[in-house]
**Q** 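Structure below; questions to follow.
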2 protein chains.
Amino acid sequence: MLALTKASGYGILALGYLDDKPEDTVVSTREISEVFGMPSELLAKVLQRLSKRGLLKSHQGRGGGYSLARPINAISLTEVFEAIEGPIEISVCLKEGGEEHCDMFEYCTIKAPIEQVQNRLIELFNTIMVDQITLDLLECPEKTYLSTSRA
Amino acid sequence: MLALTKASGYGILALGYLDDKPEDTVVSTREISEVFGMPSELLAKVLQRLSKRGLLKSHQGRGGGYSLARPINAISLTEVFEAIEGPIEISVCLKEGGEEHCDMFEYCTIKAPIEQVQNRLIELFNTIMVDQITLDLLECPEKTYLSTSRA
DNA sequence: TAATATCGGACAATTTTGCTCGTACTTTAC
DNA sequence: GTAAAGTACGAGCAAAATTGTCCGATATTA
């Protein structure tokens, strides 16, 4: 539970990598995927979503790639997660449309409070900028990387 | 991502149900599972874990069941989640033993910062007590219930 | 026009989660 | 003491999400 997806990890690493380059440098998906050893097709999707959300600028054609649309100290974790994984939802019951409402239970004692928890989670991620994740520790003892947990 | 498991939802609802009863009332797994329409075998596991962690007292034999070991305003979400799902881990890289260290990546720019995010998450859940989830809203408009999200 | 990119959908593999079944073991009631 | 009601626990299956792959289309530059 509450584990970050690999896709989000890829995205954060890519943002950090772009930030290490001079401003407005355009970097291809392949370069990033080779540097970190990520599957390039998956990273490609992640970068697409980030650019769709306006966090990256895409440059098509030969010599193209992606560049930062904003400095990463102005990009919150909330934005990254929602760009890559969609809206942060702790529970489906909180969805707008309500198509998947569960009528199989007698009591609903926790819907609104759970939503409050969700909001506090989002607030927390709002306050954390990507640079706080990527810039702090460039000299890491072990060669290790973000991946999902196994409960 | 970041979705609560149904098991945690079951646990929180069960804790709330027990709290509605007079103090030290013993309630069987079957009663709770029938009230909420949960699969009793799964709920049984959840309650076992909660009692193993000291959040519930188990009463074996005929007429047995579970009772609250503590008032639910003294039980944090962290305790519930860790009892039911194990330690809160955003990433496997942060594990103690380090058996699953990933040596497939060149750079590790985010390990320690990610751990800080994890700690802030745990702190957040430390401050939220179960009663804040269960007691607030007994008059819920729709019959709905906590379940996991679908990204 | 050829090479190199981003796009985007469809799909298989893998992992996690949710759930079921079966079999112990404990205690209470009779 | 025996049976019933309950917890304790583990193996195993099904569903769902995540991850990774493949393929074609489009855009841009050399």
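First the proteins, then the strands, lettered A, B, ... as listed; each starts at 1.
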**Q** Measure from CD on Glu34(A) to P on dT4(C) and round the result to the nearest Å.
**A**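 The answer, rounded to whole Å, is 13 Å.
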
**Q** Within residues 39-52 of chain B, find the residues that approach DNA chain C with a heavy atom at under 4.0 Å, and present them sorted by residue number.
**A** Pro39(B), Glu41(B), Leu42(B), Lys45(B)

**Q** Side chains of Tyr10(A) and Pro39(A): closer than 4.5 Å at any heavy-atom pair?
**A**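 Yes, side chains in contact.
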
**Q** Is the shortest side-chain N/O distance from Thr29(B) to OP1 or OP2 of dT7(D) below 4.0 Å?
**A** yes

**Q** Under 4.5 Å between any side-chain heavy atoms of Leu124(A) and Asn126(A), yes or no?
**A** no

**Q** Report the distance from atom NE2 of His59(A) to atom P of dT6(C), rounded to the nearest whole Å.
**A** 10 Å

**Q** So, do Arg53(A) and Glu79(A) sit near enough that their side-chain heavy atoms are less than 4.5 Å apart?
**A** no

**Q** Can you tell me how far P of dG18(C) sits from CZ of Phe36(B), to the nearest Å?
**A**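 Rounded to the whole Å, the gap is 17 Å.
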
**Q** Side chain of Ser28(B), heavy atoms from C-beta onward: which of dT19(D), dG6(D), dC19(C) has the nearest atom to it?
**A**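 Of the options given, the side chain of Ser28(B) lies nearest dG6(D).
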
**Q** Between atom CD in Glu31(A) and atom P in dT6(C), what is the gap in whole Å?
**A**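 Value for this atom pair: 11 Å.
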
**Q** Starting at the 5' end of DNA chain D, which residue's closest nucleotide do you reach first, Gln60(A) or Gly61(B)?
**A** Gly61(B)

**Q** Could you tell me the separation between the CZ atom of Arg30(A) and the P atom of dA3(C), rounded to a whole number of Å?
**A** 14 Å

**Q** OP1 or OP2 of dC19(C) versus the side-chain N and O atoms of Tyr10(B): is any pair under 4.0 Å?
**A** yes

**Q** From CD of Glu89(B) over to P of dT16(C), roughly how many Å is that when rounded to an integer?
**A** 12 Å

**Q** What are the two closest non-hydrogen atoms of Arg120(B) and Ile128(A), and how far apart are they?
**A** NH1-CG1, 3.7 Å

**Q** Identify whether the distance between the nearest side-chain nitrogen and carboxylate oxygen of Glu41(B) and Arg30(B) falls below 4.0 Å.
**A**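 Judged by the 4.0 Å cut-off on N to carboxylate O distance, Glu41(B) and Arg30(B) do not form a salt bridge.
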
**Q** Taking the minimum atom-to-atom distance to the side chain of Arg62(A), which one of dG6(D), dT4(C), dA8(D) wins?
**A** dT4(C)

**Q** So which nucleotide from dC7(C), dT26(C), dT19(D) ends up closest to the side chain of Tyr66(A)?
**A** dC7(C)

**Q** At their closest point, which heavy atom of Leu68(A) faces which heavy atom of Asp24(A), and how far apart are they?
**A** O-OD1, 4.4 Å

**Q** Please state how far atom CD in Glu85(A) lies from atom C1' in dA16(D), giving the value in whole angstrom units.
**A**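 Taking atom C1' of dA16(D) as the reference, CD of Glu85(A) is at 16 Å.
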
**Q** Closest nucleotide of DNA chain D for Gly64(B) versus for Ala7(A): which of these residues is on the 5' side?
**A**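 It is Gly64(B), whose closest nucleotide lies nearer the 5' terminus.
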
**Q** Check for a donor-acceptor pair, side chain of Thr78(A) on one end and backbone N or O of Ile122(A) on the other, with a separation under 3.5 Å.
**A**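 At least one qualifying donor-acceptor pair exists.
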
